[in-house]
Participant: 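If you scroll down you'll find the structure; I have some questions about it.
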There are 2 protein chains.
Amino acid sequence: MNNQGLYKSKFDNCPLTFALNFIGGKWRLPIIWVLSKNGTMRYNELKRSIDGITNMMLTQSLKELELNGIINRKQFMEVPPRVKYSLTDNGEELIPALKALANWGKNMKSIAE
Amino acid sequence: MNNQGLYKSKFDNCPLTFALNFIGGKWRLPIIWVLSKNGTMRYNELKRSIDGITNMMLTQSLKELELNGIINRKQFMEVPPRVKYSLTDNGEELIPALKALANWGKNMKSIAE
DNA sequence: TTTCTTAGGCAGAAAATACTGCATACTTGT
DNA sequence: ACAAGTATGCAGTATTTTCTGCCTAAGAAA
């Protein structure tokens, strides 16, 4: 997603669409979710934990999340490279919403079965 | 979004991505949000309340939300047509998550200013 | 010695999603 | 008499988003 955002109205005062401009896209919420469950994670741990994601999309989504102040990226100056990703305080504040969504999803799953 | 869903893995047990398959896409959450604020709404009320949405997208998203049991559609047999949309019980259960997301968005807005 | 892991990366292609422009038939409003 | 409102709709187009296939250099594991 470019930095123009999904919802483009300048006069849009809606806080929900404002939020969705930061966390929309296919992979951002799953990344935040997995980090909320596991604390600090490395690149390939994230890749293995998120079913279906590609290198390119993981890299791009991590960059966007870091730029938006939702995750921290800490690189240790080592070879081979060792990088750790974790949620910022701001990112942590998304957890209640994600838990509520996941709970709802669980309900939907039991309805569908 | 087709009925195959955004996240395709059969073996995906993640309740969050399961939920996102129902409420993903650009316009579904804003529709649910506006209905949660206003109770029952008509088609053009929804259209006027959601900045940037087109007829086609409103129609399609309403159909999908109805199919997924998230909103109710009640048609009065009148001319011109009068249709009212509202959240189902299941749809109402999304409200806490949306409120938490909107609250987070509000925080992001005050950070960005 | 060979294979695997680490954390990425690109440009163009593919896939997914949203939109356009005009349309409907009847009542209500101006 | 004319315009506006009502709740939609399509097929092709446009836009947005994601993906592919192969690649890197050095250490660790087999």
Side-chain angles (χ1 to χ4, degrees), chain A residues 1-9 12 17 20-31 34-35 40-68 71-86, chain B residues 1-9 12 17 20-31 34-35 40-68 71-86:
Chain A
M1 186 180 306
N2 63 29
N3 64 5
Q4 230 196 344
L6 194 60
Y7 306 92
K8 293 178 171 51
S9 171
D12 185 359
T17 56
L20 292 174
N21 272 336
F22 291 99
I23 55 177
K26 185 172 176 179
W27 295 114
R28 292 183 201 178
L29 284 176
I31 289 169
V34 163
L35 283 172
T40 298
M41 292 178 84
R42 301 179 63 174
Y43 184 96
N44 279 327
E45 285 175 336
L46 283 163
K47 184 154 192 303
R48 286 190 289 269
S49 301
I50 300 170
D51 200 51
I53 200 166
T54 61
N55 283 1
M56 265 320 287
M57 285 321 302
L58 181 53
T59 299
Q60 179 180 309
S61 303
L62 287 171
K63 268 185 177 157
E64 287 157 351
L65 288 168
E66 189 193 358
L67 269 176
N68 290 336
I71 67 171
N72 281 320
R73 175 183 188 273
K74 181 172 188 180
Q75 172 153 11
F76 300 77
M77 302 315 291
E78 294 176 10
V79 176
R82 183 157 70 95
V83 182
K84 293 195 163 188
Y85 292 95
S86 58
Chain B
M1 190 182 302
N2 65 27
N3 65 4
Q4 229 197 346
L6 195 61
Y7 306 93
K8 295 179 171 48
S9 173
D12 184 0
T17 56
L20 292 175
N21 272 336
F22 290 97
I23 55 176
K26 186 171 175 178
W27 295 114
R28 293 182 201 179
L29 284 177
I31 290 169
V34 163
L35 282 171
T40 299
M41 293 177 84
R42 301 177 64 174
Y43 184 96
N44 278 325
E45 285 177 335
L46 283 162
K47 185 156 190 301
R48 285 191 291 269
S49 300
I50 298 169
D51 198 52
I53 199 166
T54 62
N55 284 359
M56 265 320 288
M57 285 322 300
L58 181 54
T59 300
Q60 180 181 309
S61 302
L62 287 171
K63 267 188 176 151
E64 287 156 352
L65 288 168
E66 190 192 355
L67 269 176
N68 290 335
I71 68 172
N72 282 320
R73 175 182 187 275
K74 180 170 188 180
Q75 171 152 12
F76 301 77
M77 301 315 292
E78 295 174 9
V79 175
R82 183 158 68 96
V83 181
K84 293 198 164 184
Y85 292 95
S86 58

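The chains referred to below are lettered A, B, ... by the order of the sequence lines, with proteins before strands, and numbering in each begins at 1. Values below: all heavy atoms of this structure, side chains included; hydrogens, waters and symmetry mates excluded. Everything quoted here is computed from the prediction, not taken from an experiment.
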Participant: Mind calculating the distance between CD (Glu78(A)) and C1' (dA7(C)) to the nearest angstrom?
Facilitator: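 Atom CD in Glu78(A) sits about 13 Å away from atom C1' in dA7(C).
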
Participant: Quick one: which of dG8(C), dG9(C), dA7(D) gets closest to the side chain of Thr59(A)?
Facilitator: dG9(C)

Participant: So does Arg73(B) get a side-chain nitrogen or oxygen closer than 4.0 Å to the phosphate oxygens (OP1/OP2) of dT8(D)?
Facilitator: yes

Participant: For a 4.5 angstrom cut-off between non-hydrogen side-chain atoms, does Ile50(A) reach Tyr7(B)?
Facilitator: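 Side chain of Ile50(A) against side chain of Tyr7(B), heavy atoms only: no contact under 4.5 Å found.
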
Participant: Take the protein atom NZ of Lys47(A) and the nucleotide atom C1' of dT18(D), then report the distance between them rounded to whole Å.
Facilitator: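 Distance check: Lys47(A) NZ to dT18(D) C1' gives 14 Å.
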
Participant: Provide, to the nearest angstrom, the distance between the CD atom belonging to Gln75(A) and the P atom belonging to dT6(C).
Facilitator: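 It is 15 Å, rounded to the nearest whole Å.
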
Participant: For a side-chain contact (heavy atoms from CB on, under 4.5 Å) check, start with the C-alpha distance between Leu62(B) and Leu46(B), then their side-chain angles and the critical distance, and finish with the verdict.
Facilitator: CA-CA 10 Å; Leu62(B) 287 171; Leu46(B) 283 162; 4.0 Å; yes

Participant: Kindly indicate whether the side chain of Leu6(A), heavy atoms from C-beta on, has any atom under 4.5 Å from the side chain of Thr17(A).
Facilitator: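 They are not in side-chain contact.
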
Participant: Could you state the CD1-P distance from Ile31(A) to dT18(D), rounded to the nearest angstrom?
Facilitator: 10 Å

Participant: What's the CD1-P distance between Ile50(A) and dA7(C), to the nearest Å?
Facilitator: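 Spelled out: CD1 on Ile50(A) to P on dA7(C) is 14 Å.
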
Participant: Whole Å only: how far is the CG atom of Leu6(A) from the C1' atom of dT17(D)?
Facilitator: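 My rounded result for the distance is 10 Å.
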
Participant: How long is the gap from OG1 on Thr54(B) to CH2 on Trp27(B), to the nearest 0.5 Å?
Facilitator: 7.5 Å

Participant: Checking all strands, does Tyr85(B) fall into the base, sugar-phosphate, or nothing category for heavy-atom contacts under 4.0 angstrom?
Facilitator: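 Counting heavy atoms under 4.0 Å across all strands, the contact made by Tyr85(B) is with sugar-phosphate only.
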
Participant: For Arg48(B) and dG5(D), is the shortest distance between a side-chain N/O and OP1 or OP2 below 4.0 Å?
Facilitator: no

Participant: Each nucleotide N or O in nucleotides 19-22 of chain D that has a protein N or O under 3.5 Å away: list the pair and distance.
Facilitator:
from, atom 1, to, atom 2, distance (Å)
dC19(D), OP2, Trp27(A), NE1, 3.2

Participant: Arg73(A): which residues meet the side chain to side chain contact (heavy atoms under 4.5 Å, CB included) condition with it, sequence neighbours left out?
Facilitator: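 For Arg73(A) the side chain to side chain contact (heavy atoms under 4.5 Å, CB included) partners, ignoring immediate neighbours, are Glu66(A), Gln75(A), Val83(A), Tyr85(A).
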
Participant: Ignoring backbone atoms, establish whether Lys63(A) has a side-chain N or O less than 4.0 Å from OP1 or OP2 of dG9(C).
Facilitator: yes

Participant: Evaluate the side-chain proximity of Ile31(A) to Leu58(A): yes if any heavy-atom separation is below 4.5 Å, no if none is.
Facilitator: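 A side-chain contact exists here, since the closest heavy-atom pair is under 4.5 Å.
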
Participant: If you round to the nearest 0.5 Å, how far is NZ of Lys63(A) from CG of Asn68(A)?
Facilitator: 14.0 Å

Participant: Over how many whole Å does the gap from Tyr7(B) atom OH to dA15(C) atom P extend?
Facilitator: 19 Å

Participant: Once you round to the nearest 0.5 Å, how far does CG of Leu35(B) lie from NZ of Lys84(B)?
Facilitator: 12.5 Å

Participant: Tell me whether the side-chain N/O atoms of Asn44(A) come closer than 4.0 Å to OP1 or OP2 in dT5(C).
Facilitator: no

Participant: How close or far is atom P of dT18(D) from atom CG of Leu62(A), stated in whole angstroms?
Facilitator: 13 Å

Participant: Below 4.0 angstrom from OP1 or OP2 of dA7(D), is there any side-chain N or O of Arg82(B)?
Facilitator: no

Participant: Can you give me the N/O atom pairs linking the protein to nucleotides 26-30 of chain C at distances under 3.5 Å, or say none if there are none?
Facilitator:
none

Participant: Is there a side-chain contact between Glu64(B) and Arg28(B), using heavy atoms and a 4.5 Å cut-off?
Facilitator: yes

Participant: For a quick check of understanding: with a heavy-atom distance under 4.0 Å over all strands, which category does Lys84(B) fall into, base, sugar-phosphate or nothing?
Facilitator: nothing

Participant: Taking atom NZ of Lys26(A) as the centre, does the number of heavy atoms from other residues, nucleotides or ligands within less than 6.0 Å exceed 12?
Facilitator: yes

